[in-house]
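Given the structure is predicted, the values throughout are model-derived calculations rather than measurements.
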Amino acid sequence: MAFAACLLGLPATPGHAAPVHGIAMHGDPALPPDYKHFGYVNPDVKKGGRIAYGVVGTFDNLNPFILKSMRTTARGMWDPEFGNLVYESLMQRSRDEAFTMYGLIAETAEWDDDRTFIQFNLNPKARWADGVPITPEDVIFSFELLRDKGRTPFSLRLDGVEKVEKVGERGVRFTFNDKADRETPLLIAGYSPILPKHAIDVEAFDRTSLAFPLGSGPYKVKEVKPGEKIVYARDPNYWAKDLPSKVGFDNYDEISVEYFLQDNSLFEAFKKGEIDLYQEGNPTKWTRGYDFPAALSGAVVKDAITPKTPSGMFGFVFNTRRPLFQNRDLRKALTLVFDFDWVNRSLFENAYKRTQSYWQNSELSSMGVAADAREREIAGPALSRIDADILDGTHLLPTTDALGRDRKVLRQAMDSFQKAGYAIKGGQMVDGAGTPLTFEIMTQNADQEKLALAYQRFLTALGVKAAIRTVDDSQYQSRTQTFDYDVIVKAFPSSLSPGRDQISYWSSTMRDRPGSSNFAGIADPDVDRILEAILTARTAEDFRSAVRLHDRMLLSGYYVVPLYHLGEQWVAHSKHIARPQAVPLYGFQFPTWWDARAQ
């Protein structure tokens, strides 16, 4: 170990491993210390040209890390989609591995097996855009400033940290307390911006500002039109352009991000060539809406990309804070009523696949896999709460004749209604006291309303009265933050490395916290225990078993009516925008694309 440390020019600290080039949530990084670049980039691309992105929204602030920036985001400053153009983190995530970080501002990292600490050793080449070296003092300053004046999640990064201290000339060590988990070091490494201590006015940090920021990233802000456009220019002196974790990235000389009030306006701008790239999510429009001149002439290209990531879950969510929805058999009955096949045929050109698992299309899914011994051990007495077909992996939501009234499926639903204490009398679904079954579905936009109307149709066939209320954005935000709804439509993204995100969705600690993402209102000790098993898993095998069990518990709870997923990412773009042939696990990575006119 000491010899390996010497090769890196760093001292080995007694009692733990030597510095490493990368860190992984489970197991070891896939790439060796002498890797040249990520496998999903074009390392020989010639930089140049430009791209124009379009987004729906506005902005009045160039600081994305404070509370006042949450509703008016300056895209590109710190951006999971377009790239972190101005600010950077200590390490860079590979999108071709479940959850692995490689050196960026931090050349190497050190940690122990128990992850009681992590030490980052800064790259001596790391510089701010003004040429000033990045120091351990900058790192400590950044975390403390964001703790005091930043918005969540940046303000929470030190919650699990007992102390942060400078080690030697270039090291920064984070020692963890009992609030930390095994994911904490990776969140600090890759999801926390490092800010320049010498260029920030601490007193004014939490105020909105349009002053051009100083960062360490590949781009500088070139032009700002408040609420309309931000233009970034590539920094020719960018310090990290030759680092293995950055080779093949940041290929445009200029990037503009243009803002539109509505998606229709953005699409019209794309059709006219004012925007170079448009992400499509509407299957009908993808099939029929690209008959405009630029698409017909070949100036616009339709690109379907297949990621290898889990499907996630999108569906109608029952608010179990309401007494009505605390009945699990009722939730199951209401799930069975939804006729996916009719919806897919009638509304979506049969473009979608039915979602059967929160981690469908991945090895983390319980679909088609019987529970193993480790799952059963973690489950303990909760094993009896999991449906037999979900436990043995044979569970599938029913298919129908796609006509909207499949009697076989409706009979299955009626069986569950009867178990829940309901029956049809006088054309109405009523409980034992004769009270009709009624509830409200709150929707946010026309697409959600269309789904709710279809669901309403299926429910009406069994005498269930579902009212639909579409509200404006401000009312929707207010009501969801205070859990003032019966049923809503929500998406629960899933990754190959679920962790704290699952706490926010399903933990008891989040049930009554205003603004949390526990939309279903779950407060279940068994679910909490399984979440803890996910967060504390040390091996890939234990982690997989814990996530599969979590999947089974959620499916058996029928908290969400599973709807559908695409299985593809649809991107239409100008012909001159090119991408690497290799597609990483997580699908498209815009920062690796380039302007073919520059080649």
Side-chain angles (χ1 to χ4, degrees), residues 55-57 70-71 73 80-81 153 263 279-286 305-320 325 331 334-335 338 340 343-344 347-348 351-362 364-365 367 397 441-455 468 470-471 473 476-477 479-481 483 485-507 510 515-522 547 550-551 554-555 557-571 586-588:
V55 296
V56 175
M70 292 186 70
R71 295 186 185 180
T73 305
E81 197 167 64
D263 185 71
Q279 296 178 66
E280 185 60 78
N282 185 317
T284 301
K285 194 167 78 172
W286 186 250
I305 299 165
T306 303
K308 302 179 184 70
T309 49
S311 61
M313 180 61 71
F314 172 62
F316 292 99
V317 183
F318 302 116
N319 185 0
T320 63
F325 294 121
R331 300 195 302 268
L334 293 171
T335 297
F338 187 83
F340 162 76
V343 168
N344 200 30
L347 303 182
F348 300 124
Y352 288 114
K353 299 177 181 178
R354 186 75 193 264
T355 303
Q356 305 278 359
S357 159
Y358 287 76
W359 281 272
Q360 196 165 327
N361 304 328
S362 80
L364 299 179
S365 173
M367 183 179 172
L397 292 165
I441 304 173
M442 185 174 73
T443 58
Q444 187 178 13
N445 52 48
D447 289 337
Q448 290 185 7
E449 185 176 342
K450 181 167 63 174
L451 281 172
L453 287 168
Y455 193 20
I468 299 171
T470 301
V471 299
D473 288 347
Y476 185 86
Q477 183 174 15
R479 289 184 60 178
T480 53
Q481 286 181 339
F483 313 118
Y485 51 83
D486 295 335
V487 178
I488 56 173
V489 183
K490 277 292 177 183
F492 299 88
S494 58
S495 73
L496 293 169
S497 57
R500 287 190 181 180
D501 56 329
Q502 299 306 300
I503 296 290
S504 67
Y505 293 143
W506 315 112
S507 169
M510 296 295 175
S516 87
S517 298
N518 189 341
F519 301 111
I522 295 178
V547 176
H550 181 43
D551 190 27
L554 295 179
L555 292 172
Y558 292 94
Y559 303 108
V560 178
V561 180
L563 294 179
Y564 47 72
H565 62 278
L566 278 175
E568 290 183 328
Q569 298 168 336
W570 292 336
V571 182
Y586 285 89
F588 64 74

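- Taking the six-membered ring where tryptophan is involved, the planes of H550 and W506 are perpendicular, since the angle between them exceeds 60° and thus also 30°.
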Kindly determine whether N518 and S507 satisfy side-chain contact (heavy atoms from CB on, under 4.5 Å), including the steps that lead there. CA-CA 7 Å; N518 189 341; S507 169; 5.6 Å; no

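- Of the possible polar contacts, one joining the T480 side chain to the Y476 backbone as a donor-acceptor pair under 3.5 Å is found.
- Residues satisfying the ring pair (Phe, Tyr, Trp, His ring centres under 6.0 Å) criterion with F340, sequence neighbours excluded, are absent altogether.
- Listed by chain and number, the residues in a ring pair (Phe, Tyr, Trp, His ring centres under 6.0 Å) with Y586 amount to none (sequence neighbours excluded).
- The only option from T335, D486, I488 that meets the side chain to side chain contact (heavy atoms under 4.5 Å, CB included) definition with F318 turns out to be T335.
- The distance from the CD atom of Q444 to the NZ atom of K490 is 6.0 Å, given to the nearest 0.5 Å.
- Applying the side-chain hydrogen bond (donor to acceptor under 3.5 Å, both in side chains) rule to W359 yields no partners; only residues at least two apart in sequence or on another chain are considered.
- Not one N or O on the side chain of Q502 forms a donor-acceptor pair closer than 3.5 Å with the backbone of P498.
- In this view, Y358 satisfies the side-chain hydrogen bond (donor to acceptor under 3.5 Å, both in side chains) rule with no residue, not counting sequence neighbours.
- Here I441 contributes atom CD1 and L453 contributes atom CG; the two are 8.5 Å apart, rounded to the nearest 0.5 Å.
- Closest approach of L347 to T284, counting heavy atoms only: O-OG1, 3.4 Å.
- Counting heavy atoms from C-beta outward, F314 and V489 have side chains that approach closer than 4.5 Å.
- Atoms CE and CG, on M367 and N361 in that order, are 8.0 Å from each other to the nearest 0.5 Å.
- Residues that satisfy the ring pair (Phe, Tyr, Trp, His ring centres under 6.0 Å) test with W286, not counting sequence neighbours, are Y290, W570.
- Judged by distance alone, with hydrogens and angles left aside, the side-chain atoms of D501 form no donor-acceptor pair with the main-chain N or O of S494 at under 3.5 Å.
- Taking all atoms of both residues into account, the shortest heavy-atom contact from D263 to K285 is OD2-NZ, 3.8 Å.
- Annotation: side chain of I468 is not in contact with side chain of Y455 (no heavy-atom distance under 4.5 Å).
- Residues meeting the ring pair (Phe, Tyr, Trp, His ring centres under 6.0 Å) test with F483, sequence neighbours left out: none.
- Side chain of Q356 to main chain of L397: a donor-acceptor pair is present (N/O by atom type, distance under 3.5 Å, no hydrogens or angles).
- Remark: the backbone N or O of F588 is paired with a side-chain donor or acceptor of Q569 at under 3.5 angstrom.
- The backbone N or O of M313 sits nowhere less than 3.5 Å from a side-chain atom of T355 that would complete a donor-acceptor pair.
- Taking CE of M442 as the reference point, atom CG of N319 lies at 9.5 Å (rounded to 0.5 Å).
- Among all heavy-atom pairs drawn from V561 and L334, the shortest one is CG2-O, 4.3 Å.
- Between L496 and K308 the shortest heavy-atom distance is CD1-O, 4.3 Å.
- Here the straight-line distance linking atom OG of S311 with atom CZ of F492 works out to 13.0 Å at 0.5 Å rounding.
- R354 and H565 get closest at one heavy-atom pair: O-CE1, 3.7 Å.
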Go through the steps to decide whether Y352 and V343 satisfy the test side-chain contact (heavy atoms from CB on, under 4.5 Å), and finish with yes or no. CA-CA 10 Å; Y352 288 114; V343 168; over 6 Å; no

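- The two atoms that bring T320 and G521 nearest to each other are OG1-O, 3.0 Å, heavy atoms only.
- In this structure, L451 CG and Y564 OH are separated by 4.0 Å, a value rounded to the nearest 0.5 Å.
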Report the C-alpha distance between F338 and L563 in whole Å, list the side-chain angles of each, state the deciding distance to 0.1 Å, and finish with yes or no for side-chain contact (heavy atoms from CB on, under 4.5 Å). CA-CA 9 Å; F338 187 83; L563 294 179; 3.4 Å; yes

